[in-house]
Protein chains: 2
Amino acid sequence: MKQGSFSRQQVTAITGLTARQLSYWRKTGLVVPQHCTEGGHARYSFTDLIALRAAKQLLDANVSLQRIRRCLESLTRFLPTVQQPLVELSLVVTGDVVLVFHGERAFDALTGQQWVFPVAELAKEVEQLQQELPEQTELFPVDAEQLEEYA
Amino acid sequence: MKQGSFSRQQVTAITGLTARQLSYWRKTGLVVPQHCTEGGHARYSFTDLIALRAAKQLLDANVSLQRIRRCLESLTRFLPTVQQPLVELSLVVTGDVVLVFHGERAFDALTGQQWVFPVAELAKEVEQLQQELPEQTELFPVDAEQLEEYA
DNA sequence: AACGTACAATTTCCGGTTTTTTTGTCTCCT
DNA sequence: AGGAGACAAAAAAACCGGAAATTGTACGTT
């Protein structure tokens, strides 16, 4: 893994984040620089950069920081093998929700257990349901109904 | 297009919806039976069945009726060529959001214009951003920093 | 240059309440 | 059987004030 060692100034230039954000995120544990100088100055690795960039993209997509935090929490809970979700996973964002694509499955990064399923292409299913109904022997239901109308 | 003509009883048996739901949805315009008898009794077509089934799946996935309504509104607005979203489109649902896959694009069924984009696989992008920075000529930034620490 | 701290402005979240929507049930009518 | 209407329970949405989180800005230090 290419490490790299980027100073704060470089990181702000590369990622578009402000220095304030970097230090706050560092303090609150969202993205902590992999190394530090003896003086306590941050040294971001290359993968740190990727995580930072991912977080910024999420922010730009109107996902709040707090939501990002919660997503990361649940992701590390649901996918324990994933060390750095922001780096390793393929995320998709829409207004409110962060989707995670992991293998075949896709699920909500927040709630985790949510399935995802296609709604259309139900014709076959409906046909099946039809055929599973033995009592549905009425071939001309309209006629029966029309008779009733005249009652 | 296979029409079919299903009575209320048949529809409840096939779709799993209650009669109450059918009449309410009919009154409020969510899914209106394609035909009616002269007496005003509903006659659902085959595509109606599919729409009903799709709506039920969304309900079962904890998408509220109101949200379904709003999705349908915005979908017919954003995709005017689509007559029956519940029948023609491929939808994907997670907790809060309904995604629509239409061709290559995927977007939020509610807000419509929201793009969807992958967050990960940013390594190349970050590398690009790096290379676009001429001032980043510092090959050994750590050294420069360490010097400072001793000041 | 980079960090820490402090203060303020803004945004987001949270808990409770109120309002609207949806559904069930019952009754009567055709 | 199927529809219409009335009433009530349940679910969802809208609203709202206070708390918390995030960010900007300024100042001081190394």
Side-chain angles (χ1 to χ4, degrees), chain A residues 5-13 16-33 35-44 55-56 58-71 95-96 110 135-136 138 141-151, chain B residues 5-13 16-33 35-44 55-56 58-71 95-96 110 135-136 138 141-151:
Chain A
S5 186
F6 300 89
S7 70
R8 188 171 77 164
Q9 206 178 26
Q10 292 173 321
V11 172
T12 59
L17 294 164
T18 68
R20 185 68 170 88
Q21 286 174 309
L22 289 181
S23 59
Y24 185 63
W25 295 8
R26 176 186 178 185
K27 193 175 74 175
T28 55
L30 184 66
V31 178
V32 179
H35 307 290
C36 281
T37 65
E38 290 136 19
H41 285 199
R43 281 299 108 94
Y44 290 92
K56 174 154 173 55
L58 292 172
L59 276 183
D60 291 345
N62 292 321
V63 181
S64 75
L65 248 211
Q66 299 180 51
R67 197 182 290 272
I68 296 177
R69 286 186 205 280
R70 271 179 285 153
C71 285
D96 267 358
L110 258 184
E135 68 259 46
Q136 190 228 340
E138 193 63 80
V142 177
D143 297 4
E145 180 62 36
Q146 282 170 343
L147 286 175
E148 178 201 335
E149 299 304 323
Y150 297 126
Chain B
S5 185
F6 300 89
S7 70
R8 188 171 74 163
Q9 207 177 27
Q10 292 173 320
V11 172
T12 58
L17 295 163
T18 68
R20 185 69 171 88
Q21 287 174 308
L22 290 181
S23 60
Y24 184 63
W25 295 8
R26 178 187 176 184
K27 193 175 74 174
T28 54
L30 184 66
V31 177
V32 178
H35 307 291
C36 282
T37 66
E38 290 137 20
H41 285 199
R43 281 297 107 92
Y44 290 91
K56 173 155 172 56
L58 291 172
L59 276 184
D60 291 345
N62 293 321
V63 181
S64 75
L65 250 209
Q66 298 182 52
R67 199 179 289 271
I68 296 177
R69 286 187 205 281
R70 271 179 284 154
C71 286
D96 268 358
L110 258 184
E135 67 260 46
Q136 191 229 336
E138 193 61 82
V142 177
D143 297 4
E145 179 64 33
Q146 282 170 342
L147 285 177
E148 178 200 337
E149 299 304 322
Y150 296 125

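The figures here come from the full heavy-atom set of this structure, side chains too, leaving out hydrogens, waters and symmetry mates. Each chain gets a letter, A, B and so on, in the order its sequence line appears, and its residues count up from 1.
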Distance in angstrom units between [X] [atom1] and [N] [atom2], rounded:
X	N	atom1	atom2	result
A:Arg43	C:dC3	CZ	C1'	12 Å
A:Leu22	C:dG4	CG	C1'	15 Å
B:Asp60	D:dA11	CG	P	15 Å
B:Ile68	D:dA13	CD1	P	10 Å
A:Arg26	C:dC3	CZ	C1'	8 Å
B:His41	C:dC29	NE2	P	16 Å
B:Arg8	D:dA1	CZ	P	9 Å
A:Leu17	D:dT22	CG	P	14 Å

Whether B:Ser23 contacts D:dA4 is assessed here as follows: a side-chain N or O lying under 4.0 Å from the phosphate OP1 or OP2. Is that the case? no
Hey, could you give me the [atom1]/[atom2] distance between [X] and [Y], rounded to the nearest 0.5 Å?
X	Y	atom1	atom2	value
B:Leu22	B:Thr12	CG	OG1	7.0 Å
B:Lys56	B:Ile68	NZ	CD1	10.5 Å
B:Leu65	B:Gln21	CG	CD	7.5 Å

Identify, with sequence neighbours excluded, every residue that meets side chain to side chain contact (heavy atoms under 4.5 Å, CB included) alongside [X].
X	answer
B:Ser23	B:Arg20
A:Arg26	A:Pro33, A:Cys36, A:Ala42, A:Tyr44
A:Ser64	A:Gln66, A:Arg67

With A:Thr28, which residues qualify under side chain to side chain donor-acceptor pair (under 3.5 Å), at least two apart? A:Arg69
A correct 5'-to-3' footprint of nucleotides 8-22 of chain C, with B, S and - meaning base, sugar-phosphate only and no protein heavy atom under 4.0 Å, is ----SS-------SB
How far apart are the closest heavy atoms of A:Val63 and A:Leu59, and which atoms are they?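 Answer, listing the atom of A:Val63 first, then A:Leu59: O-CD2, 3.3 Å.
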Which heavy-atom pair separates B:Ser5 from B:Arg43 by the least distance, and what is that distance? OG-CD, 3.1 Å
Quantified as the angle between the terminal helix axes (five pairs each), what is the overall bend of the helix from C:dA1-D:dT30 to C:dT30-D:dA1 to 10 degrees? 50°
NA contact type, A:Ala42, heavy-atom cut-off 4.0 Å: base, sugar-phosphate, or nothing? sugar-phosphate
